[in-house]
Amino acid sequence: MSIGNVRVRYAPSPTGYPHIGNIRTALFNWLFARHSGGKFIVRIEDTDQSRKVEGAVEQILESLRWLGLDWDEGPEIGGAFVPYFQSERLDLYRGYAEQLVQNGHAYRCYCSSERLAQMRTEMAERKESVRTYDRHCRDLSAGEQSKLRAQGIVPVIRFKVPLDGQTTFHDLIRGDITFDNAELDDLVLLKSDGYPTYHLANIVDDHSMEISHVMRADEWLSSTPRHVLLYAAFGWTPPLYAHLPMILGPDKSKLSKRHGATALLDYRDEGYLPEVIFNFLALLGWSLDDKTDVIGREDLVKHFSLERISRTAAVFDIKKLQWMNGFYIRQLDPARLAERALPYFEKQLPSEVKRPLDVGYVSQVVTLQQERAKTLCEFPQNSAFFFMEDLEYPKDLLLKGGMTGEKARELLSATALRLDSVTAFDVTSLESVLRSLAEQMSVKTGDLFGLLRVVVTGRTAAPPLFETMAVVGRERCLKRVRAAVQRLSDSPTR
RNA sequence: GGCGCAUUCGUCUAGCUGGCCUAGGACACCUCCCUCUCAAGGAGGAGAUCGAGGGUUCGAAUCCCUCAUGCGCUACCA
């Protein structure tokens with residue numbers, strides 16, 4: 001396969017929202033296409049009417065867009081092999097299925113699902129090793145068939161798998177893999193509702209769309225010999241295969257909804273940066289060398305290769321993702337970061353905060369929180385006090401570390417005086433004024449600053465005090481100090 | 001049950017054309033430093049006898065065999 005002719009595809013089925021593992025497959029395909037100057041195609045495999053989920057296609061495309069995985073052919077943009085929805089290509093599959101029946105590679109099966117279920121139960125009870133279709137209809141005569149059809153039974157079309165021999169194919173990641181044909185069953189190609197199964201539609205489309213490499217999750221490895229046999233039955237050359245390691249949950253089982261937020265877009269909602277997900281996912285099953293963790297999209301495109309894809313399934317570690325997200329956040333230009341965080345502020349700040357927010361002000365806040373945030377959501381979560389008028393917090397936060405109510409009141413009253421009179425309400429002035437106050441009142445700076453932090457922010461952990469106060473502003477700081485004095489006076493302290 | 005794939009620190013991984021590996025990096029964890037809190041940052045630490053057992057070899061994480069374990073598939077789902 002010459003390098004310019006790479007055509008790979010991401011072929012999701014719209015049965016739900018694409019999760020992390022699924023999108024990682026899309027990412028690897030995209031990376032491979034971009035690296036080799038080939039085409040990245042999106043094809044929607046909507047052949048299961050019963051599992052179709054409303055809005056899933058939009059979610060899939062939205063997920064790709066969010067990560068910046070642009071496609072060269074597919075939904076919305078079309079391409080030379082239109083249409084890219086399998087539900088719109090039904091005639092094609094029927095024709096090919098029929099062709100296989102004609103040339104003896106497939107046959108009609110009239111077995112009811114009840115009979116099939118019973119057959120499987122019996123096989124299991126007898127502990128038979130091969131629990132597959134018993135090929136009941138494989139050699140039905142024309143007469144028997146028309147009798148069955150007269151009863152109104154709509155048949156399916158099954159592939160006539162060779163009874164013996166072996167099928168070997170080469171996997172770019174795992175090497176040669178061999179299966180005994182006897183292990184394979186006569187899979188259904190065309191369902192009774194006229195829709196193809198994955199197996200038929202997949203190979204018909206991969207062939208007709210001239211797909212060069214099939215890169216898909218490891219879970220497909222077992223069905224690959226059937227696909228190879230199908231290609232042979234049609235007289236086609238199969239594509240090159242590369243089965244990707246799967247992504248597992250913390251319990252090491254196939255990643256699913258059980259594992260919490262696994263839908264890609266959930267990560268967007270939780271404040272993760274798309275470039276981080278991109279970076280992180282690329283490293284789940286692929287590595288550049290022994291030390292590279294942070295790597296941008298351009299370098300990924302430049303260096304991506306099939307050879308460096310791992311064979312082992314990987315556990316998705318949210319902790320490392322969080323670290324990486326925080327790392328990227330810290331690297332971002334503050335102004336740019338503020339823009340990106342703004343929607344999260346708009347959405348998450350308490351409703352009493354007036355909208356729209358002032359971008360300049362948000363930017364100041366973001367600058368102070370930048371090195372403390374792991375996700376974009378943490379900005380508004382930890383910054384409400386910058387936007388509120390009045391604060392609410394447990395009173396005993398004021399009496400930390402042996403601080404008495406009286407002492408606190410005394411300190412705060414003195415502070416109010418200083419804040420009121422300080423000429424410039426900026427970091428330098430505040431620091432010098434408050435440090436000297438601490439000294440004068442013979443209290444440790446940590447105690448004074450800690451107290452003030454609670455008063456001004458309502459919490460014990462916040463950005464540096466003077467910076468924070470400067471942003472909150474003289475008026476609100478004074479108001480908060482006075483409110484605290486009032487609170488301390490309301491009920492006598494012990 | 002059958003078949004297939006896989007097996008290096010808790011996790012992601014490097015190393016796997018055998019010696020540079022007394023196995024490297026990152027996250028997480030612990031300690032110390034910095035420090036007005038929280039972070040961030042800096043410096044350290046602990047953590048894998050390379051799934052187990054046999055070989056081959058002067059020498060194996062790296063090659064061979066057996067076993068074990070995990071995962072996947074075993075649908076008119078993809």
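Here is how names work: the chains are called A, B, and so on, in the same order as the sequence lines, proteins then strands, and each is numbered from 1.
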- prompt: Roughly, in whole Å, what's the span from CG in A:Asp186 to P in B:U74?
  reply: 16 Å
query: Roughly how many Å is it from CE in A:Met469 to P in B:C36, rounded to a whole number?
result: 16 Å
message: Can you check the distance between B:G44 and B:U37, where both ends of the measurement are the P atom (answer in whole Å)?
response: 24 Å
Flag for A:His170-A:Asp176: side-chain donor and acceptor within less than 3.5 Å: yes
- prompt: Is atom CD of A:Glu54 surrounded by more than 12 heavy atoms (other residues, nucleotides or ligands) closer than 6.0 Å?
  reply: no
message: Using Watson-Crick or G-U wobble geometry with both distances under 3.5 Å, which nucleotide pairs with B:G47?
response: none
Is there any protein nitrogen or oxygen under 3.5 Å from a nitrogen or oxygen in nucleotides 67-73 of chain B, and what are the pairs?
unit_1, atom_1, unit_2, atom_2, d
B:G72, OP1, A:Lys254, N, 3.3
B:G72, N2, A:Ser222, OG, 3.3
B:C73, OP1, A:Lys254, NZ, 2.6

Ring-ring centroid check A:Phe345 A:Phe387, cutoff 6.0 Å: yes
message: Taking CD in A:Gln166 as the centre, count heavy atoms belonging to other residues, nucleotides or ligands within less than 6.0 Å. Is the count above 12?
response: yes
- prompt: Thinking salt bridges, do A:Lys374 and A:Glu378 make one under a 4.0 Å N-O criterion?
  reply: no
- prompt: Using a cut-off of less than 4.0 Å, is there contact between a side-chain N or O of A:Arg308 and OP1 or OP2 of B:G15?
  reply: yes
message: Measuring only the C1' atom in each nucleotide, how far is B:A28 from B:C67? A whole number of Å is fine.
response: 34 Å
- line: Reading nucleotides 47-52 of chain B from 5' to 3' and marking B where a protein heavy atom lies under 4.0 Å of the base, S where only the sugar-phosphate is that close, and - otherwise, the string is ------
task: If B:A26 has a Watson-Crick or G-U wobble mate with both distances under 3.5 Å, name it; if not, just say none.
output: B:U11
task: For A:Thr312 and for A:Arg453, find the nucleotide of RNA chain B with the closest heavy atom, then tell me which residue's nucleotide is more 5'.
output: A:Thr312
message: What I want to check is whether the side chains of A:Tyr133 and A:Arg138 have a donor and an acceptor closer together than 3.5 Å.
response: no
- prompt: What is the distance from CG of A:Asn22 to C1' of B:A78, rounded to the nearest Å?
  reply: 10 Å
- prompt: Does B:C32 have a Watson-Crick or wobble mate here (both distances under 3.5 Å), and if so which one?
  reply: B:G42
query: Could you give the CZ-to-P distance, from A:Phe316 to B:C27, as a whole number of Å?
result: 17 Å
task: Using a cut-off of strictly less than 4.0 Å, decide whether A:Arg311 has a side-chain nitrogen or oxygen near OP1 or OP2 of B:C5.
output: no
- prompt: Under 6.0 Å from the six-membered ring centre of A:Tyr84 and within 45° of its axis: does the NZ or CZ of A:Arg43 meet both?
  reply: no
Check: A:Arg226/A:Thr167 side-chain N/O donor and acceptor closer than 3.5 Å: no
query: Below 4.0 angstrom, N of the basic side chain to O of the carboxylate: do A:Arg115 and A:Asp134 qualify?
result: yes
- prompt: If you check the A:Thr197 side chain, which of B:U37, B:A78, B:U13 turns out closest?
  reply: B:A78
message: Does anything in residues 440-457 of chain A form a side-chain hydrogen bond (donor to acceptor under 3.5 Å, both in side chains)? List the pairs, not counting sequence neighbours.
response: A:Arg418-A:Gln440
query: Which sits closer to the 5' end of RNA chain B, A:Pro12 or A:Ala373, going by the nucleotide each is nearest to?
result: A:Ala373
query: For B:G18, which nucleotide in any strand shown is its Watson-Crick or wobble partner with both distances under 3.5 Å?
result: none
- request: Sugar-phosphate means primed atoms, P, OP1 and OP2; the rest is base. With that split, encode nucleotides 17-26 of chain B 5' to 3' as B, S or - using protein heavy atoms under 4.0 Å.
  value: -------BSB
- prompt: Considering only B:G41, B:C77, B:G10, which nucleotide approaches the side chain of A:Asp48 most closely?
  reply: B:C77
Would you list the atom pairs, donor with acceptor, under 3.5 Å between side chains in residues 20-29 of chain A and any protein atom, with sequence neighbours excluded?
unit_1, atom_1, unit_2, atom_2, d
A:Asn22, OD1, A:Tyr10, OH, 2.6
A:Arg24, NH1, A:Leu284, O, 2.5
A:Arg24, NH2, A:Pro245, O, 2.4
A:Thr25, OG1, A:Gly21, O, 3.4
A:Asn29, ND2, A:Thr25, O, 2.9
A:Asn29, ND2, A:Met215, O, 3.1

- prompt: Below 6.0 angstrom between ring centroids: does that apply to A:Phe280 and A:Tyr272?
  reply: no
task: Look at A:Arg459 and B:C38 and indicate whether a side-chain polar atom (N or O) is within less than 4.0 Å of OP1 or OP2.
output: no
message: Please report the distance separating the P of B:U49 from the corresponding atom of B:U62, rounded so that it comes out in whole Å.
response: 14 Å
query: What nucleotide, of B:G2, B:U13, B:C77, holds the atom closest to the side chain of A:Glu183?
result: B:G2
field: Salt bridge present between A:Arg336 and A:Asp333 (N-O < 4.0 angstrom)
entry: no
- prompt: Side chains of A:Arg158 and A:Thr197: is there a donor and an acceptor less than 3.5 Å apart?
  reply: no
message: Please give the distance between the C1' atoms of B:G15 and B:C21 as a whole number of Å.
response: 8 Å
message: Once you apply a heavy-atom cut-off of 4.0 Å, does A:Ala462 come out as touching a base, just sugar-phosphate, or nothing?
response: base
- request: Taking atom P in both B:A43 and B:G70, compute the distance separating them and give it to the nearest angstrom.
  value: 42 Å
message: Whether A:Lys191 contacts B:C77 is assessed here as follows: a side-chain N or O lying under 4.0 Å from the phosphate OP1 or OP2. Is that the case?
response: yes
- prompt: Does a donor on one side chain and an acceptor on the other come within less than 3.5 Å for A:Gln118 and A:Glu122?
  reply: yes
- request: Provide, to the nearest angstrom, the distance between the CD1 atom belonging to A:Ile247 and the P atom belonging to B:C12.
  value: 11 Å
- prompt: Quantified in whole Å, what is the C1' atom distance between nucleotide B:U8 and nucleotide B:A14?
  reply: 10 Å
query: What integer number of Å spans the P atoms of B:C29 and B:G19?
result: 36 Å
query: Do A:Met209 and A:Arg9 have side-chain heavy atoms sitting under 4.5 Å apart?
result: no
query: Using the ring of each side chain (for Trp, its six-membered ring), is A:Phe327 parallel, tilted or perpendicular to A:Trp323, with breaks at 30° and 60°?
result: tilted
statement: Of B:C36, B:A78, B:U11, the nucleotide closest to the side chain of A:Thr445 is B:C36
message: Measure CD1/A:Ile329 against P/B:C38 and give the value in whole Å, please.
response: 21 Å
- prompt: Who does B:U57 pair with, Watson-Crick or G-U, both distances under 3.5 Å?
  reply: none
field: Under-3.5 Å donor-acceptor pair between A:Arg51 side chain and B:C77 base
entry: yes
message: Can you tell me the base-pairing partner of B:C73? Count Watson-Crick or G-U wobble geometry only, both distances below 3.5 Å, and say none if there is no partner.
response: B:G2
message: Is there a side-chain contact between A:Thr460 and the phosphate of B:C38, meaning an N or O under 4.0 Å from OP1 or OP2?
response: no
task: Return the value, rounded to whole Å, for the distance between atom CG of A:Asn279 and atom P of B:C27.
output: 13 Å
message: Can you tell me the base-pairing partner of B:U62? Count Watson-Crick or G-U wobble geometry only, both distances below 3.5 Å, and say none if there is no partner.
response: none
- line: Residues of residues 154-162 of chain A with a heavy atom under 4.0 Å from any atom of RNA chain B, listed by number, are A:Val156, A:Arg158
- line: Between CE of A:Met441 and P of B:C36 the distance, given in whole Å, is 20 Å
field: side chain to side chain donor-acceptor pair (under 3.5 Å) between A:Ser87 and A:Asp46, intermediate numbers included
entry: CA-CA 6 Å; A:Ser87 59; A:Asp46 51 350; 2.6 Å; yes
